[in-house]
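Lettering of chains follows the sequences in order, A, B, ..., and the numbering in each one begins at 1. As a basis for the values below, the full set of heavy atoms in this structure was taken, side chains included, without hydrogen atoms, waters or symmetry mates.
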Amino acid sequence: MAEYTLKVRRYQPEAGEGAYWEEFNVELEPSLSVLDGLLQAKDRDDGSLSVRCSCRAAICGSCGMKINGQSGLGCKTQIGEAHEAANRRNGGGNPIVIEPMGNMPVIKDLITDMESTHWEKIRRVTPWLLPHGEPPEREYIVEPESMIDITQSMACIQCGSCVSACLSMEADPDFVGPAALAKAYRFVGDPRDAETRERLHDLAQDPHGIYDCTHCFSCVDACPKGVAPMDQIMRLRRRAGEEGIEDPNSGHNHEMAFVKIIEKKGTLDESALLQESFVPGIKGKLMPGKRAIKEMIASLPTAIRGFRTGKMRSLKVIPGLHHKLPDGAQDEVKAIYAHAQAHREEFNIYIKGEEGAEPEEKEAT
Amino acid sequence: MPTHDVLVIGAGLAGQRAALAAAEQGVSVGLLSKVHPVRSHSNAAQGGINAALNPEDTWESHAFDTVKGSDYLGDQDAIEVMCREAPEEILHLEHLGVTFHRNEEGKLGTRAFGGASAARTYYVADITGQAIMHVLYEQLMKYADKVARYEEWFCTALAIDENGECCGAVTRNVADGSMELFRAKAVILACGGNGQVWKPTTNALICTGDGISMAYRVGAKLMDMEMIQYHPTTLAGKGFLITEGARGEGAHLLNAKGERFMERYAPNKMELASRDVVSRAEQTEIDEGRGFPDGTVELDITVVPKKRIHEALREIVLVGKDFAGVDITKEPIRIKPGNHYTMGGIKTDVDGRTDVPGLYAAGEVACVSVHGGNRLGANSLLDTLIFGRRSGVDAAARAKQIDGSEPSKEVLEEERSKIEAIAGREKGSGRRISEIKLELGTTMDKHVAVFRNEAGIQEALNTVRRLKEEADSAYIDDQGSVFNQDMLAAIELGYMLDNAECTCVSALERKESRGAQYRTDFPERNDAEWLKHIDLQQGDDGPEISYSEVTITQWEPEERKY
């Protein structure tokens with residue numbers, strides 16, 4: 001048994017007051033969860049302390065919350081570890097800080113309104129299978145790997161941790177978001193679905209769709225089930241690119257511009273980025289296109305700020321003057337590209353065993 | 001007054017399946033659940049769902065395994081219905097989009113499970129229940145205009161009209177505390193089992209036997225309430241479930257001496273004998289000093305190929321890591337039998353009809369009975385879906401035939417005043433709800449568990465009756481309307497105590513050992529006197545006992561060996 005202090009962000013909507021902090025002292029084994037700690041406080045001290053919870057085993061998805069600022073499940077976070085994390089953040093003797101999830105309105109204490117945020121967005125992606133015609137007499141015959149691939153998205157328990165952690169959604173509340181887009185991949189990747197192209201087109205056209213993600217990995221960190229929502233978003237983008245789907249923000253070309261420039265030069269040549277994003281190739285260099293010019297002009301203030309702060313060096317913006325990597329380094333970059341190209345069609349590794357196990361075994365021998 | 005032809009209470013697999021089936025019949029449907037539907041406990045069903053879908057397999061074989069597993073207490077007509085309809089249900093789910101595991105040919109693949117004579121368990125990794133439930137919820141979102149969802153609404157009582165027929169329910173909207181009387185021509189209870197009556201349990205905090213108690217309070221019969229399954233592989237302390245799929249994949253059970261002790265108890269099926277058999281074997285090892293000091297034995301999953309563990313037992317890898325600090329691919333994990341499943345429940349026929357006209361029950365809340373004295377692994381998901389669907393269809397047919405009556409406002413007022421009374425109890429005047437719940441759970445786990453005897457069960461019953469009195473004065477802290485979980489816990493405690501009382505009375509009554517009921521004072525199965533169901537109905541002084549016949553169609557009771 002050990003003693004812990006939980007500092008809980010509380011809000012009692014009927015009290016007529018704003019949110020406030022309250023500390024609870026609890027006593028339990030370090031291997032028990034933060035949720036166990038909250039429930040002890042509720043059972044012993046204050047029954048009005050409110051938190052959604054049910055399974056206590058990270059399968060029902062009820063107890064999404066922020067623990068020391070990190071979004072996740074209360075039941076899956078060991079209280080001993082949360083205590084150590086709190087100390088690492090703020091020095092010794094600090095309480096475990098518990099808050100309701102972010103990017104959602106708070107209803108009471110740790111209970112948030114998931115309906116108007118999370119579920120609304122889930123419904124946005126037409127979250128049901130759209131098969132073609134009548135089903136077969138028996139089962140659909142599909143590649144075994146394809147089912148495993150989308151089972152990674154099916155592993156989502158709709159807890160909202162990724163939504164809570166999403167930085168893009170913080171900037172753009174209309175962003176469809178990690179959970180809903182992971183759900184979308186569950187259908188796009190499903191060989192039984194007949195509307196995958198329409199789904200991709202829809203999510204590419206939406207300015208708050210698949211190209212609104214900024215690769216920050218917050219959702220991957222927050223997800224308690226290994227769904228890796230950002231990976232699913234990247235899969236959607238790749239599929240959309242392969243299908244040749246145009247999008248108003250030129251999101252796919254913008255992404256490909258990064259890929260091409262790094263492949264060629266090893267580092268990012270920002271002077272080439274915008275034109276390459278809108279009219280790829282030599283044609284873009286000669287005739288940048290209206291859209292590219294417009295975007296370039298629009299991004300001038302950003303560029304000027306970049307110069308001022310030293311983030312951009314003056315020579316770098318002059319086309320053709322971008323420095324190259326030292327001898328041999330570019331070959332290593334190319335090797336990475338070759339590897340990525342060879343593994344392009346890899347399915348989700350919901351089954352992690354094979355790859356993960358090998359190095360460990362080598363170490364052992 | 002919210003009005004629907006069919007009102008479904010509880011939105012796990014049985015409830016969602018019932019709602020969709022009723023809606024398909026063209027009637028108006030309301031689906032009400034005290035938690036958001038995807039939070040329901042059907043999520044926890046890991047291993048899979050049984051069906052004789054493979055051409056070499058037969059439904060008769062599945063049915064016989066189920067009958068034998070039930071220790072001949074299951075009703076064979078109901079078991080036949082379930083097993084015969086299973087293959088079609090699996091295909092239906094596959095067509096809706098469930099991501100079932102495939103074999104190399106891309107067809108549905110199976111795994112082995114306990115008590116089964118063929119590998120007939122279809123699965124999605126070890127998240128089968130979750131995967132099916134989320135796909136059904138996808139369908140509910142698709143058919144939102146046909147099924148009205150009341151998510152986070154709590155049911156406090158059923159409404160019965162002057163003819164004794166069920167005509168609605170009293171509910172509390174959890175979000176704002178408002179009370180609402182629902183009118184319906186048929187009500188389907190699909191609110192799950194009562195695992196929280198025991199501590200520890202594999203069951204979620206929401207599994208408080210609400211439906212069983214509500215039906216009992218309006219005079220419906222309960223059946224086989226003594227039959228409570230202890231699952232052989234639960235984590236010590238927390239009670240978390242380790243799927244039977246682990247043993248299905250080949251994991252061994254070992255005592256502290258490293259012996260594969262199942263050799264002595266079930267030489268043929270070994271670890272894959274029926275759950276009651278395996279749980280008793282483990283408990284015997286532990287009680288006779290061959291377990292570990294913390295009252296456990298070991299489950300050794302390391303004998304399963306690593307790739308296969310990651311492929312098929314992924315959730316268990318996480319459970320081991322997160323909740324026991326054990327890498328199950330490298331070392332054995334300590335487990336013991338733990339409360340898991342309510343085989344008994346509200347007595348129904350194969351269409352989900354209870355003894356109260358207009359009231360249906362499906363899933364774990366119900367007792368059809370397909371599980372009898374012991375449920376086979378991967379038969380619970382099947383039970384929820386088959387009888388959920390059948391209830392939905394039959395309830396819709398009833399709704400089309402009758403006009404129905406308007407529920408009396410009296411029942412609403414009665415419930416309101418009960419709630420006000422709870423809120424009005426002076427703080428510190430009695431015990432805390434949580435204290436009573438804890439005492440109930442530990443008492444039941446001590447006396448009404450794997451091994452039982454008269455003195456122990458009687459002691460448990462006495463405790464339960466004392467706790468019932470104490471619950472009447474137990475106070476709550478929260479005086480608000482919004483998400484008053486304290487209030488809901490007080491009401492749930494009442495439900496749990498009804499469940500506990502019924503289980504104790506039934507367990508005392510059955511003076512033999514059959515399935516999950518093992519009486520050390522009556523260690524033999526006694527078909528001459530006890531091949532019958534124990535039915536309970538609410539009387540003035542607690543449950544009144546009666547009996548009903550076990551339906552036998554083609555399998556005469558014989559000795560059970562694994």
Practice task
Indicate yes or no: does B:Arg102 engage A:Glu143 in a salt bridge with an N to O separation below 4.0 Å.
Solution key: no
Fill in the blank from the handout: Whatever's closer than 4.5 Å to a heavy atom in chain A on B:Ser481 counts as both
Practice task
Under 4.5 Å heavy-atom distance to chain B, tell me which part of A:Glu137 shows up: side chain, backbone, both or neither.
Solution key: backbone
Exercise for the section: With a 4.5 angstrom heavy-atom cut-off, could you sort out which part of B:Leu96 is near chain A: side chain, backbone, both or neither? Expected result: backbone
Exercise for the section: For each of A:Ala15, A:Ser62, A:Ala58, tally heavy-atom pairs with chain B at distances under 4.5 Å, and name the one with the top tally. Expected result: A:Ser62
Exercise for the section: To the nearest 0.5 angstrom, please state how far the CG atom of B:Leu205 sits from the OG atom of A:Ser54. Expected result: 5.5 Å
Exercise for the section: Check whether any side-chain heavy atom of A:Glu14 lies under 4.5 Å from a side-chain heavy atom of B:Val482, and answer yes or no. Expected result: yes
Exercise for the section: Run the numbers on B:Ile127 and A:Ile157 for side-chain contact (heavy atoms from CB on, under 4.5 Å), then give the verdict. Expected result: CA-CA 10 Å; B:Ile127 56 166; A:Ile157 54 175; over 6 Å; no
Fill in the blank from the handout: Interatomic distance, SG@A:Cys55 vs CG@B:Asn203, rounded to 0.5 Å, equals 11.5 Å
Problem - Gap between atom NE2 of B:His134 and atom SG of A:Cys156 - 0.5 Å precision - result: 7.0 Å
Practice task
Examine whether an atom of A:Asp45 lies under 4.5 Å from a heavy atom of chain B, and if so say whether it belongs to the side chain, the backbone or both; otherwise answer neither.
Solution key: backbone
Fill in the blank from the handout: When every non-hydrogen atom of A:Ser50 is compared with those of B:Phe483, the smallest separation belongs to OG-O, 3.7 Å
Exercise for the section: For chain A, find which of B:Lys107, B:His36, B:Glu88, B:His41 contributes the most heavy-atom pairs closer than 4.5 angstrom. Expected result: B:His36
Problem - Presence of salt bridge, A:Arg186 and B:Glu138, under 4.0 angstrom - result: yes
Problem - Interface moiety of B:Arg39 toward chain A, non-hydrogen atoms closer than 4.5 Å - result: both
Exercise for the section: Please look at B:Val124 and chain A and tell me whether the side chain, the backbone, both or neither of the residue comes under 4.5 angstrom of a heavy atom of that chain. Expected result: side chain
Fill in the blank from the handout: Cut-off 4.5 Å, heavy atoms of chain A, and the answer for B:Val319 is neither
Completion exercise
Given A:Glu29, A:Arg56, A:Gln78, the one with more heavy-atom pairs under 4.5 angstrom with chain B than any other is A:Arg56
Problem - Separation of B:Asp486 CG from A:Asp46 CG (nearest 0.5 Å) - result: 8.0 Å
Fill in the blank from the handout: Okay, B:Phe240 and chain A: the region with an atom under 4.5 Å from a heavy atom over there is side chain
Handout entry: Which of B:Lys142, B:Met487, B:Lys238 touches chain A most, by non-hydrogen pairs under 4.5 Å
Key = B:Lys142
Practice task
Please answer whether the main-chain N or O of B:Glu94 pairs with a side-chain N or O of A:Glu139 as donor and acceptor at a distance below 3.5 Å.
Solution key: no
Fill in the blank from the handout: The interface call for A:Gln158 against chain B, heavy-atom contacts under 4.5 Å, is both
Problem - Approximate separation, where rounding is to 0.5 Å, of B:His95 NE2 and A:Arg192 CZ - result: 9.0 Å
Exercise for the section: Below 4.5 Å from any heavy atom of chain A, which atoms of B:Phe100 appear? Answer side chain, backbone, both or neither. Expected result: backbone
Problem - Residue pairs involving residues 30-43 of chain A (criterion side-chain hydrogen bond (donor to acceptor under 3.5 Å, both in side chains); sequence neighbours excluded) - result: A:Ser33-A:Asp36, A:Gln40-A:Arg44, A:Lys42-B:Gln485
Fill in the blank from the handout: If one checks every heavy atom of B:Lys437 against chain A at 4.5 Å, the contacting part turns out to be neither
Practice task
Under 4.5 Å, heavy atom to heavy atom: which of residues 121-128 of chain A reach chain B? Give them by number, or say none.
Solution key: A:Ile122, A:Arg123, A:Pro127, A:Trp128
Handout entry: Backbone of A:Met154 reached by a side-chain donor or acceptor of B:Gln130 within 3.5 Å
Key = yes
Problem - Any donor-acceptor N/O pair, A:Lys76 side chain to B:Asp322 backbone, under 3.5 Å - result: no
Handout entry: chain A interface, residue from B:Met133, B:Gln196, B:Glu151, B:Glu152 that has the most non-hydrogen pairs under 4.5 Å
Key = B:Glu152
Completion exercise
Rounding to 0.5 Å, atoms CG (B:Leu318) and CD1 (A:Ile59) come to a distance of 11.5 Å
Exercise for the section: Indicate yes or no: does A:Lys108 engage B:Asp478 in a salt bridge with an N to O separation below 4.0 Å. Expected result: yes
Fill in the blank from the handout: Residue from B:Leu53, B:Ile476, B:Val317 scoring the most non-hydrogen pairs under 4.5 Å with chain A is B:Leu53
